[in-house]
There are 2 protein chains.
Amino acid sequence: MPSIKDVARAAGVSTATVSRVLAGSDHVKEETRQRVLSTIELLNYRPNLVARSLRSQKSARIGLVVSDIRNPFFTAISRAVEDAAYEQGYSVLLCNTDEDPAKEELYLNVLHDESVAGIIFSPTQQFSARLSTFKSDIPFVIIDRAVNAAQADMVLLDNVAAGYELTTHLIQNGYTRLAGLFGNASTTGKERNKGFRKALEDYQLKPLAEQFIPPRIQQGYETTLMLLDQPNRPDAIFTSNSLLTAGAFQAIRYRNLKVPDDVALVGFDETTWGALVDPPITLIAQPTEEIGRTATELLFQRIEDPGRSPRTVILKGKLIARGSSAPRVNK
Amino acid sequence: MPSIKDVARAAGVSTATVSRVLAGSDHVKEETRQRVLSTIELLNYRPNLVARSLRSQKSARIGLVVSDIRNPFFTAISRAVEDAAYEQGYSVLLCNTDEDPAKEELYLNVLHDESVAGIIFSPTQQFSARLSTFKSDIPFVIIDRAVNAAQADMVLLDNVAAGYELTTHLIQNGYTRLAGLFGNASTTGKERNKGFRKALEDYQLKPLAEQFIPPRIQQGYETTLMLLDQPNRPDAIFTSNSLLTAGAFQAIRYRNLKVPDDVALVGFDETTWGALVDPPITLIAQPTEEIGRTATELLFQRIEDPGRSPRTVILKGKLIARGSSAPRVNK
DNA sequence: TTGTAAGCGTTATCAC
DNA sequence: GTGATAACGCTTACAA
């Protein structure tokens, strides 16, 4: 593997000149530039990024810390971030915390030690609480989950509005005995719950149940079974993320109940299966491409200008009404 | 951020000694070691990984290059690899090539430039052809897809056997007019096709159709529509990966046909939705955890001993028979 | 416009 | 056992 020295020697210039050519500096004679360029080509030279990082104390890598890579929402986000970063010549280190604050801390350290230029992440609730004490020298952008400390760039969904819209949709379609399953790992579940409540209040209804549980298929399954087995069974179930939706759907199926006649089901996030099951699932689709892209852009801007005042971008979800919440037929 | 020099100064030793303590060398007096250790603790020192990489010409990072992060198979693999790598103190750089040889080449370069210690990847077919010319100085392990060059460690599924088993299952359940959708991006589709053919031959049947198409939901959808609209409609559709399965399922639904009465459907890989749809999908589940873990272990072994002779690990898939291929009722 | 040389934070090779 | 010190490959003042 040739180094910058080899190129310099072969081109009959100093390493500084090669470096200048690499950096696209104007202060190089065109003739010299060409000679260096063709030598680079000839030797098939590629700069050593590690050495460059060490010297310049930064790198063309960003970190993406997600809480669950099995959640299709985060898969979609990572695609978007990767594409956006790639366009800027950056590569992405993807880390998965499993909603575990210990892993979260670990990976933030790893990323720091790898001297990434910045981090995009969705913190656990425990972490959010400590965020104010987390004096990081690394620029970062929060996605998906609000944190208290206003001193951070964020890209969020308007979760309250989304929860409200989804709930209103159910109510307007004739459902009145609503139960909600909300993820307990982040603020997202809380906010969607707030919208859920607000809608019920506005229609002078009371929630039949509000369960805050770990955002996992298994938990959604078990909790839904429990809800379905109660004497006063809900006629609609609201779930605050797609893993809970999947679990709820399984449970409804397991109890041989029909969607939406026996119980309607709505949730969040477009998934492969949401449109495949019968009936397809009504949901709020998040603009994942836009979220990932915006977060990446915000991060680059902050890297560029660490002093700028933090901004929060709030995006709107889109209601996709499908069979799982079809207007209730009177019986 | 304190450096090794700061630690050395504070502990009253040289940087060499600190480095020795860090490396766990025996040749340090216990007393000195303790002093250094507590100084490290005190200053909250953490070694600069970039500098370490530069000096030692290697890093505690491995690359994972997958062809489609939206494919649940690869999501599962990346979880397994990450966990296994993490246990060894390695972090994982995840790259997504989108089955694009250009991106593939780019990411291999990126990983090389980041001086990863090794790479696990699933090459495109185009790449496999060039693999023999790809004299890499980086240890690597191939997963999921066989390559011609025997000079590589590989972790593969016994795809021919899996295809055979899945097809036999259909035939034994009374299906005779079989069509197959196979991914054209890798050897995997080809091998599963081989098993498909073999089974048909053994039962003296002829395939109704064999389509080699890009492994995408949309392609699976379109091709299935086409198959369903033919005069001699298949009574069972074999798909060689879960994206094609999803597309086929959509198409069958769109044509208002019933699974499995009108047409049975089988595929590969456990997904969230496979068990959620009605009827649930019969499939060959791959041992993703084991594949990822084995690949990681092989990689570490090769990093350890670059000269060892390459080995190929072939794992068996597991048939999960469900409603989508229930025994055919005579009409 | 170009070259010289210092230095980024480590590890490793010598000495002592 | 421990300490100087030279590298690793690059960028960037500062000189020329």
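Sequence lines set the chain letters: A, B, ... in the order given, protein chains first and strands last, and positions in each chain run from 1.
- For the pair B:Asp98 and B:Arg70, the salt-bridge criterion is met [side-chain N within less than 4.0 Å of a carboxylate O].
- If you measure from atom CD of B:Glu30 to atom P of D:dG1, you get 11 Å, rounded to the nearest angstrom.
- Distance, B:Leu49 CG to C:dG9 C1': 11 Å, rounded to whole Å.
- Between A:Arg35 and A:Glu41 there is no salt bridge, since none of the side-chain N atoms of the basic residue sits less than 4.0 Å from a carboxylate O of the acidic one.
- Here C:dC16 presents its C1' atom at 16 Å from NE2 of B:His27, a figure rounded to the nearest Å.
- Using a 4.0 Å cut-off, some side-chain N or O of A:Thr17 falls inside it from OP1 or OP2 of C:dG3.
- The side chain of A:Thr32 places an N or O atom within less than 4.0 Å of a non-bridging phosphate oxygen (OP1 or OP2) of C:dT2.
- Remark on DNA chain D: of its neighbouring residues A:Pro47 and B:Arg20, the 5'-side contact belongs to B:Arg20, judged by nearest-heavy-atom nucleotide.
- A salt bridge is absent between B:Arg293 and B:Glu82; no separation between the charged side-chain nitrogens and carboxylate oxygens falls under 4.0 Å.
- Distance A:Lys58 NZ to D:dT12 P: 7 Å, rounded to the nearest Å.
- Residues A:Tyr107 and A:Phe121 keep their aromatic ring centres 6.0 Å or farther apart.
- Of the candidates C:dT2, D:dT11, C:dT10, the closest approach to any side-chain atom of A:Lys29 belongs to C:dT2.
- Phosphate contact (OP1/OP2 of C:dG9, side-chain N/O of B:Arg52, threshold under 4.0 Å): absent.
- A:Ser3 comes within contact range of the sugar-phosphate backbone alone, with a heavy-atom separation under 4.0 Å but no base atom that close.
- Contact annotation for B:Val50: no contact, since no heavy-atom pair falls under 4.0 Å across all strands.
- Checking B:Gly12 against B:Arg55, the closest nucleotide of DNA chain D that is more toward the 5' end is the one next to B:Gly12.
- In this model, the phosphate group of C:dG3 is approached by a side-chain N or O of A:Ser14 to a distance below 4.0 Å at OP1 or OP2.
- Here D:dC10 presents its P atom at 10 Å from CD of B:Gln57, a figure rounded to the nearest Å.
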